[in-house]
There are 2 protein chains.
Amino acid sequence: MADSERSMATIKDVAVRAGVSVATVSNALNGKPNVGSAARRKVLDAAKTLGYRPHRAAQAMRTGRTRAIGLVLPDLTNPFFSQLAQAVESKARRLGLLACLIDSQNAADAELEGLSLLAQHGVDGIIWCPVGARLPRLLGALDRPIVLIDRPRPGFSVVHANNAMGGRLLAQHALQNGHSRVGLLSGPRNVQSAQQRRHGFVSAFPDRIQIAWEVRVGFDGILPREAREALLRRRGATLVVAGNDLIAISAMRFLHEHDVQVPADVSIVGFDDISWARIVTPRLTTIAQPLGAIGTRAVELLHECMSGAQAQNPALMLDVSLVERDSVRSI
Amino acid sequence: MADSERSMATIKDVAVRAGVSVATVSNALNGKPNVGSAARRKVLDAAKTLGYRPHRAAQAMRTGRTRAIGLVLPDLTNPFFSQLAQAVESKARRLGLLACLIDSQNAADAELEGLSLLAQHGVDGIIWCPVGARLPRLLGALDRPIVLIDRPRPGFSVVHANNAMGGRLLAQHALQNGHSRVGLLSGPRNVQSAQQRRHGFVSAFPDRIQIAWEVRVGFDGILPREAREALLRRRGATLVVAGNDLIAISAMRFLHEHDVQVPADVSIVGFDDISWARIVTPRLTTIAQPLGAIGTRAVELLHECMSGAQAQNPALMLDVSLVERDSVRSI
DNA sequence: GCAATTGAGTTAAACGTTTCGCTCACAAGG
DNA sequence: CCTTGTGAGCGAAACGTTTAACTCAATTGC
């Protein structure tokens with residue numbers, strides 16, 4: 001009895017204890033119809049008292065499914081992604097799936113290497129926020145369901161937030177607070193979500209909001225000189241609209257160091273509502289993405305794809321909401 | 001040729017293409033000595049042109065090793081852990097190991113469930129920052145190398161920072177800046193690292209630093225009423241020493257809302273140097289843990305344990321350093 | 001020149017599942 | 001009474017590796 005716990009009981013052990021064949025054990029455990037109720041009971045009992053757990057590797061070899069999924073992210077250090085990761089892992093576990101992590105640290109080659117590692121381990125599907133603008137060739141070869149997250153690519157399932165809507169919400173909020181001349185610290189041109197945020201904002205009230213200036217900035221929040229100069233001169237802008245919270249927070253930090261007060265001297269808004277948005281001074285007004293929901297839905301979608309159901313709805317777009325805090329002044 | 005890429009080439013395919021037996025392929029690929037240089041070449045060539053990758057599940061079944069490790073953390077959302085996770089994943093990948101994530105969200109039962117999921121998948125080892133004060137019974141049953149991270153438990157390998165040293169560094173810094181009366185917002189009594197930080201600080205200069213008050217606070221930075229009151233009254237303390245950065249930042253936020261200026265009215269120090277420490281206002285003076293090194297060393301240690309080498313050094317303690325920023329005033 | 005040794009390669013078993021096809025008993029239909 | 005059908009269960013093959021045991025030729029030692 002002591003060693004029944006020690007090194008994992010096998011299906012064979014269950015079979016002998018229940019007095020049936022291994023085939024019957026397998027059938028009983030997997031709910032196949034061709035097993036009588038008496039035998040089924042015996043098997044279930046035996047399995048329980050032996051603490052039997054199917055050997056995943058063996059199962060995988062026979063069935064080709066591992067009940068593991070891959071999660072490929074560009075940067076766990078970014079709270080946006082760590083929240084996402086938390087949601088994904090949690091939902092996966094609730095479905096009995098193991099989440100295998102790859103953090104490419106924004107390097108396309110590391111990402112590729114990671115994908116290949118996942119493929120080698122035979123994960124059943126992949127949730128992926130790609131760093132490269134176009135998806136690498138490898139994709140055909142890895143041949144598993146993929147659900148993109150946050151960054152759509154033609155021909156792929158994706159779940160992401162309604163970025164354009166966020167942009168519009170921001171425009172509306174700007175107007176309501178009397179800002180009609182703004183500066184843009186937009187995200188990278190090759191990241192689609194950045195484009196949509198920008199487009200949502202600019203096209204919402206083209207005749208009532210003027211763009212005083214615009215500079216493109218990386219999503220990591222590092223401000224090039226051009227951006228810093230723009231922040232200092234401002235050319236009449238009373239509000240700066242940042243491509244995401246990291247950018248907004250960097251800008252706030254920079255302004256603070258140069259003795260310009262937010263929001264007294266200039267207002268600022270972000271996008272994402274990462275947890276940092278709540279702790280900076282002043283607290284940042286921003287657009288909240290339903291991070292938990294995005295992660296959860298992505299896993300659900302992937303799970304459906306894995307169960308053969310060809311997803312007809314390759315794109316899932318979730319609503320965002322404005323969260324008002326202290327970084328916008330009403331004028 | 002088209003379908004040689006499609007559904008993963010097997011060792012058999014390599015064997016026929018190279019004109020040898022599968023055993024020889026296996027031996028060649030695993031660097032066994034009993035294969036001639038001519039055959040070895042042929043095998044290597046065939047494997048490369050076929051894009052052969054060993055089927056991990058099959059390998060696992062035969063050898064009992066999966067080349068995957070588990071990473072069990074209490075809260076990915078906490079930047080301390082997400083940085084750790086990044087380091088762990090990166091190092092693991094460099095060793096050809098897949099990192100499987102469990103985020104228990106500080107719930108002991110979720111943690112247990114996660115460990116069992118990992119065991120079922122047959123991970124070769126586990127890196128674990130445990131939430132519970134004492135380790136659950138299950139442990140004997142899961143029977144794989146375990147390396148703890150940040151939180152030592154009797155009888156287990158651990159890699160963590162020198163918390164006591166951090167406490168001493170802080171005390172020294174306090175004195176250098178003329179603070180001889182301080183308040184303590186210590187971490188939880190049942191978390192060892194919290195105790196060591198506190199002890200390092202208090203016992204460094206017992207006769208030159210007075211503790212004006214102390215209240216125990218959770219590491220998540222949520223301030224109970226007692227703590228808030230203490231922050232407002234202060235009883236002559238010119239410096240508050242927080243159990244970690246989250247606590248320090250919460251305190252700063254609270255003080256700011258009640259119009260007391262940091263560091264003009266009161267100074268404050270944290271512990272951990274999470275990324276937030278850099279972005280709050282004022283930027284937080286704190287103790288930096290070598291997060292990257294902790295993660296890396298943990299993986300290395302685990303890897304050694306997995307390779308049979310019984311680790312003689314169950315505990316690895318890494319030095320910390322003071323990072324001076326703007327939250328301490330010299331008086 | 002013959003036995004012993006070595007080097008290079010092969011065959012086949014094993015790992016723990018799932019599943020296909022089979023058997024066997026029994027019931028129903030004619 | 002014989003065929004056919006059905007429900008319950010079993011035996012064995014297969015999945016892709018690794019590895020122990022083995023063969024066979026060439027080389028060495030004497």
Side-chain angles (χ1 to χ4, degrees), chain A residues 4 6-44 46-47 50-68 96 119-124 143 308, chain B residues 4 6-44 46-47 50-68 96 119-124 307-308:
Chain A
S4 67
R6 198 131 315 277
S7 57
M8 218 71 130
T10 129
I11 201 178
K12 207 167 179 177
D13 301 330
V14 180
V16 0
R17 187 173 230 274
V20 298
S21 74
V22 297
T24 300
V25 174
S26 176
N27 286 328
L29 258 26
N30 295 326
K32 295 290 171 61
N34 57 337
V35 34
S37 47
R40 173 161 274 133
R41 259 199 76 78
K42 283 191 297 181
V43 167
L44 261 29
L50 255 37
Y52 169 72
R53 300 235 154 260
H55 189 297
R56 277 285 151 83
Q59 250 175 177
M61 176 146 76
R62 195 45 236 237
T63 64
R65 342 224 64 183
T66 50
R67 303 196 61 71
Q120 200 171 151
H121 276 267
V123 295
D124 292 340
D143 178 39
Chain B
S4 68
R6 198 134 314 276
S7 57
M8 220 70 132
T10 129
I11 200 178
K12 207 166 178 178
D13 301 330
V14 181
V16 359
R17 187 172 230 275
V20 298
S21 74
V22 298
T24 301
V25 175
S26 176
N27 286 329
L29 260 25
N30 296 325
K32 296 291 171 60
N34 56 337
V35 34
S37 48
R40 173 161 274 133
R41 259 199 76 77
K42 281 192 295 180
V43 168
L44 262 28
L50 255 36
Y52 168 73
R53 301 236 154 260
H55 190 296
R56 279 284 148 84
Q59 250 176 176
M61 175 147 73
R62 193 46 237 238
T63 63
R65 341 225 64 185
T66 51
R67 304 195 61 72
Q120 200 171 150
H121 275 267
V123 294
D124 292 340
S307 319

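Throughout, a chain's letter reflects where its sequence line sits, starting with A, and its residues are numbered from 1. Just the heavy atoms: all of them, side chains too, but no hydrogens, waters or symmetry mates, feed the values below.
- A:L29 has its CG atom 12 Å from the C1' atom of C:dT18, to the nearest Å.
- Here the NZ-CZ distance, from B:K32 to B:R40, works out to 11.0 Å after rounding to the nearest 0.5 Å.
- Minimum interatomic distance between A:A28 and A:V43 (heavy atoms only, all atoms of both residues): CB-CG1, 3.8 Å.
- Both B:A39 and A:V22 lie near DNA chain C, and the one whose nearest nucleotide falls closer to the 5' end is B:A39.
- Note that the two end axes of the helix from C:dG1-D:dC30 to C:dG30-D:dC1 enclose an angle of 50°, each drawn from 5 base pairs, rounded to 10 degrees.
- The separation between A:R40 atom CZ and D:dG9 atom C1' is 12 Å, rounded to whole Å.
- Atom NE2 in A:H55 sits about 17 Å away from atom P in C:dA14, given to the nearest Å.
- Distances were taken from every side-chain heavy atom of B:I11 (C-beta onward) to each of C:dT10, D:dT18, C:dT19; the shortest belongs to D:dT18.
- As rounded to whole Å, 10 Å separates atom P of D:dA20 from atom CG of B:N27.
- Of the inter-residue distances, the one linking B:I11 atom CD1 with B:R53 atom CZ reads 14.0 Å to the nearest 0.5 angstrom.
- At a cut-off of 3.5 angstrom, the base of C:dT17 holds no donor-acceptor pair with the side chain of A:R62.
- Rounded to whole Å, the distance from CG on A:N34 to P on D:dG5 is 20 Å.
- At C:dC15, none of the side-chain N or O atoms of B:T63 fall inside 4.0 Å of OP1 or OP2 (strictly under the cut-off).
- With a 4.5 Å cut-off on side-chain heavy atoms, B:L29 and B:Y52 count as touching.
- Within the nucleic acid shown, A:A60 has no heavy atom closer than 4.0 Å to any nucleic acid atom.
- When the P atom of D:dT18 is taken as reference, atom CE of A:M61 falls 11 Å away, rounded to whole Å.
- Here the nucleotide nearest the side chain of A:S26, chosen from C:dT10, D:dT17, C:dT19, is C:dT19.
- Rounding to the nearest 0.5 Å places CG of B:L44 at 11.5 Å from OG of B:S37.
- Contact check, A:Q59 against C:dG16: no side-chain N or O comes under 4.0 Å of OP1 or OP2.
- The distance from atom NE2 of B:H121 to atom P of C:dG16 is 18 Å, rounded to the nearest whole Å.
- Separation of atoms CD (A:Q59) and NE2 (B:H121) is listed at 9.0 Å; rounding is to 0.5 Å.
- Checking B:K12 against A:V35, the closest nucleotide of DNA chain D that is more toward the 5' end is the one next to A:V35.
- Between the CG atom in A:D13 and the OG1 atom in A:T10 there is a gap of 4.5 Å [rounded to 0.5 Å].
- Toward the 5′ end of DNA chain C lies the nearest nucleotide of B:V20, the other residue of the pair B:V20 and A:A23 mapping further downstream.
- Closest heavy-atom contact between B:A9 and B:L50: CB-O, 3.9 Å.
- Atom-to-atom, CG of B:D13 to P of D:dC15 comes out at 11 Å; the value is rounded to the nearest Å.
- Here A:N30 reaches the OP1 or OP2 of C:dT18: one of its side-chain N or O atoms lies under 4.0 Å away.
- Residue A:S21 places no side-chain N or O under 4.0 Å from the OP1 or OP2 atom of D:dG11.
- Residue A:T24 has a polar side-chain atom (N or O) positioned under 4.0 Å from OP1 or OP2 of D:dC10.
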